[in-house]
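All values below were derived from every heavy atom in this structure, side-chain atoms included, with hydrogens, water molecules and symmetry-related copies excluded. Bear in mind that the values here come from a model prediction, so they are computed numbers and not experimental data. Counting starts at 1 for both ligands and their atoms, in listed order.
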Amino acid sequence: MEENFKLKNWVSWAVELCKPDNVVWIDGEGLDALREEAIEKGELIRLNQEILPGCYLHRSAINDVARSEDKTFICTTAKEDAGPNNNWQAPEEMYARLTALFDGSMKGRTMYVIPFCMGPVGSPFSKLGVEITDSIYVVLNMNIMTRISKDVTKLVKNTGDFVKCLHSTATLSLDDRFIAHFPEDNAIWSINSGYGGNALLGKKCFALRIASYQAKNEGWLAEHMLIIGIENPQGEVHYVCAAFPSACGKTNLAMLIPPEVYQEKGYKVWCVGDDIAWLRIGEDGRLWAINPENGYFGVVPGTNSVTNPNALATISNDTIFTNVVHNQDDNTVWWEGLSKTPPTQGINWKGEQWNGTTSQEKGAHPNSRFTTPAKNLPILSPEVENPNGVPISALVFGGRRAKTAPLVYQARDFNHGVFIASTMASETTAAQTGAVGVTRIDSMAMKPFCGYNMGDYFAHWLDMGEKLGDNAPKIFNVNWFRTGDNGKFLWPGYGENLRILEWVLARCEGEALAIDTPIGLMPNPDDISTEGLDLPKEKLEELLHVDKNLWVDETAAMREYYKSYGDRLPKVLWDELSGLENRLHL
Ligand code: GTP
Ligand code: SPV
Ligand code: MN
């Protein structure tokens, strides 16, 4: 009973602070009335139900279309525990500042209380949360992205063990926008944003920032990784996790359709998750992963029947579109890259009239998104509800690099892999506010999402490697985004990426060759199958070329970056960096 009070007391406290007109508990049922209400208020547009059954369109505020990293804080008692990778403020100061902002923020509105579960219900991997919000859009998105049910509500009440997620769109003021995390209190307070990772608190805020902190203390990993199973012609399925920064290809790789020649041989791909993986060492000593989410919040532009037919099938029903073009002709949606025939009678992401044949501006925001249930995906892995997760053979890291990083290379061993992942860089995208195309180091694709000092995070990774010993997955780095002198991508990408994963898995099985290079182990161009692919050998050679001068510059940036962690940076990683420098200067 005492456990039940924890939830009740917290909700009563929030009601007193936010002063809503009424309180509604969400258990996944009866959401149609909420949809109607959102339509009446103009928060949702019902799309053509014959073409897109169960689909809706939402436009967020113009200044609120991506994660706001500069407004995101980790509030630990000691500043050093948040690390140079995070904005920090002392918990009592942030609580005071935000209490003033939350005070009366829900006057005239309804407060929704959403108990939810991250991960299969009842799995030892899973964690519970409760989000309090005044946004119907958030309720409907959380209902797709997490597990919400009467049983989950009961679990939350009975255990009293949940992450407290408080959210209000308040006035959407940019100046007073904060996404504040209190890892020591299992709490998240987010105010003045209604967008994606700022507002759906189960996702980046909980499943990465709070969970990474819990994971360090409890001996597991919370990572910005997709999880896929690759079934070979013998019917064996090997699982791979891959971490790429935001808008760098996770969803697309997770939903990959094998090239025709691979399909003919019997290859199949199964998607377990497209954004977040929680990884634990199993009883057998191997690394096992679950996807804590229950849906996909994916980048829309560029999604079409050639690049990602699985995604297109998935978003044809029961999907919420955010910030795409509204096609007035047939009440459907459109985005750049969907087709060569944009609507002439459109409304763009800003809510303005837009003619796709004459306008110079993009109609859909580059970070426009779909929210769609996992169960819609044709290649959803049958293992997705397995409480024990799936065993991981390889960990793949990667980024968006025009030059420098080759198509693929392998770490010599686990510690070298941690070094590669901790120093990987990528060009920024529209998934976060700020300039696009700026190269920055994004360790493990987690720099915006690690809820504590990344020096300690690297040490935790090294420690996990030691515990895994010979069972540790092999570590690789990939780059689908290398460009030639004409600025065009050299590698066809998308489904063809399976060719690279084939080499990766063959390496894991000890069945493929590699050459030793200063940066790591690399395939010869002949080791990558180009059967059925029109790719000149020179291009593959260029894709695999390592420019020593660029890498010497790269090591200088790594050194600066490592310095920022002071004595929290494990010595092993400094040694790895010196090793790379020595090999480059040979
Ligand atoms: P988040 O949801 O922000 O974490 O992004 P993500 O990592 O899931 O990226 P996503 O798969 O949505 O891809 C982002 C953009 O990269 C889209 O515009 C894709 O079309 C493009 N993209 C994905 N894979 C490839 C690829 O293999 N090659 C090329 N050239 N582009 C790709
Ligand atoms: C990302 O930016 O990595 C996303 C979208 O997956 S968001 O939910 O906004 O974080
Ligand atoms: Mn992501």
Original post:
Would you call the rings of H58 and Y137 parallel, tilted or perpendicular if under 30° counts as parallel and over 60° as perpendicular?
Top reply: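 Ring orientation of H58 relative to Y137: parallel.
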Subject >> Partners meeting side chain to side chain contact (heavy atoms under 4.5 Å, CB included) with E542 (sequence neighbours left out) >> reply: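 Partners of E542 by the side chain to side chain contact (heavy atoms under 4.5 Å, CB included) criterion, ordered by chain and then number, come out as L490.
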Does the [X] side chain pair with the main chain of [Y], one donor and one acceptor, at a distance under 3.5 Å?
X    : Y    : value
N323 : V65  : no
E427 : A402 : yes
W88  : T76  : yes
N291 : L226 : no

Against heavy atoms of [X], which atoms of ligand 1 measure under 4.0 Å?
X    : result
N252 : 10 (P), 11 (O), 12 (O), 13 (O), 19 (C), 23 (C), 24 (N)
F489 : 30 (N)
H224 : 4 (O)
P245 : 7 (O)
D275 : 4 (O)
R400 : 15 (C), 16 (O)

To check your reading of the model: name the closest protein heavy atom to [atom], its residue, and the distance in Å.
atom                    : answer
atom 2 (O) of ligand 1  : R369 NH1, 2.7 Å
atom 5 (O) of ligand 1  : A247 N, 2.7 Å
atom 9 (O) of ligand 1  : G249 N, 2.9 Å
atom 18 (O) of ligand 1 : P301 O, 3.3 Å
atom 6 (P) of ligand 1  : K250 N, 3.3 Å

Region of [X] engaging ligand 1 - heavy atom pairs below 4.0 Å:
X    : answer
F481 : side chain
C248 : backbone
M255 : neither

Original post:
Do the ring centers of F489 and F481 come within less than 6.0 Å of each other?
Top reply: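 Yes, they do, as the ring centres are separated by less than 6.0 Å.
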**OP:** Evaluate salt bridge (charged side-chain N to carboxylate O under 4.0 Å, His left out) for R67 paired with E69, printing each intermediate quantity in order.
**Re:** CA-CA 6 Å; R67 276 184 297 102; E69 293 182 2; 3.0 Å; yes
Original post:
Would you call K203 and D275 a salt bridge, taking side-chain N to carboxylate O under 4.0 Å as the test?
Top reply: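 Judged by the 4.0 Å cut-off on N to carboxylate O distance, K203 and D275 do form a salt bridge.
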Subject >> Carboxylate-amine/guanidinium contact K350 E361, below 4.0 Å >> reply: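 Result for this pair is yes, salt bridge flagged.
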**OP:** Could you pull out the closest heavy-atom pair between P245 and D442, with the gap in Å?
**Re:**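 Shortest heavy-atom separation between P245 and D442 comes out as CB-OD2, 3.4 Å.
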Original post:
Taking all non-hydrogen atoms of both residues, which atom of L312 and which atom of S305 are closest, and how far apart?
Top reply: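 So the two residues come closest at CD2-N, 3.6 Å.
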**OP:** Taking atom types as modelled, find out whether Y561 and S443 have a side-chain donor-acceptor pair closer than 3.5 angstrom.
**Re:**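 Looking only at side-chain atoms, S443 and Y561 do form a donor-acceptor pair, the distance falling under 3.5 Å.
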Original post:
Does NZ or CZ of K204 fall inside the cone over F449's six-membered ring, less than 6.0 Å from its centre and within 45° of the axis?
Top reply: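 Yes; both conditions hold, so K204 lies above the ring face of F449.
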Original post:
Which is closest to atom 31 (N) of ligand 1 by heavy-atom distance: F244, Y494, Y296?
Top reply: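 Considering heavy atoms of F244, Y494, Y296, the nearest to atom 31 (N) of ligand 1 sits in Y494.
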**OP:** State whether the shortest distance between N or O atoms of N497 and N or O atoms of ligand 1 falls below 3.5 angstrom.
**Re:**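 Yes.
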Subject >> Under 2.8 Å: N/O/S of G197 next to the Mn ion (ligand 3) >> reply: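 Short answer: no, not a single N, O or S atom is under the cut-off.
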**OP:** Could you name the protein residues that come within less than 4.0 Å of ligand 2, counting only heavy atoms, and order them by chain and residue number?
**Re:**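 Answer by chain and number: R67, G196, G197, K203, K204, H224, S246, D275, F297, R369, A431, F449.
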Original post:
How wide is the angle at the Mn ion (ligand 3) between NZ of K204 and NE2 of H224, to the nearest 10°?
Top reply: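 About 90°, to the nearest ten degrees.
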Subject >> the Mn ion (ligand 3) - name of the N/O/S atom of D275 that sits closest to it >> reply: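 The atom in question is OD1.
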**OP:** With H365 as reference, evaluate Y195, W349, F321 under the ring-ring contact (aromatic ring centres under 6.0 Å, His included) test and give the passing residue.
**Re:**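 With H365 as partner, ring-ring contact (aromatic ring centres under 6.0 Å, His included) holds for just one option, W349.
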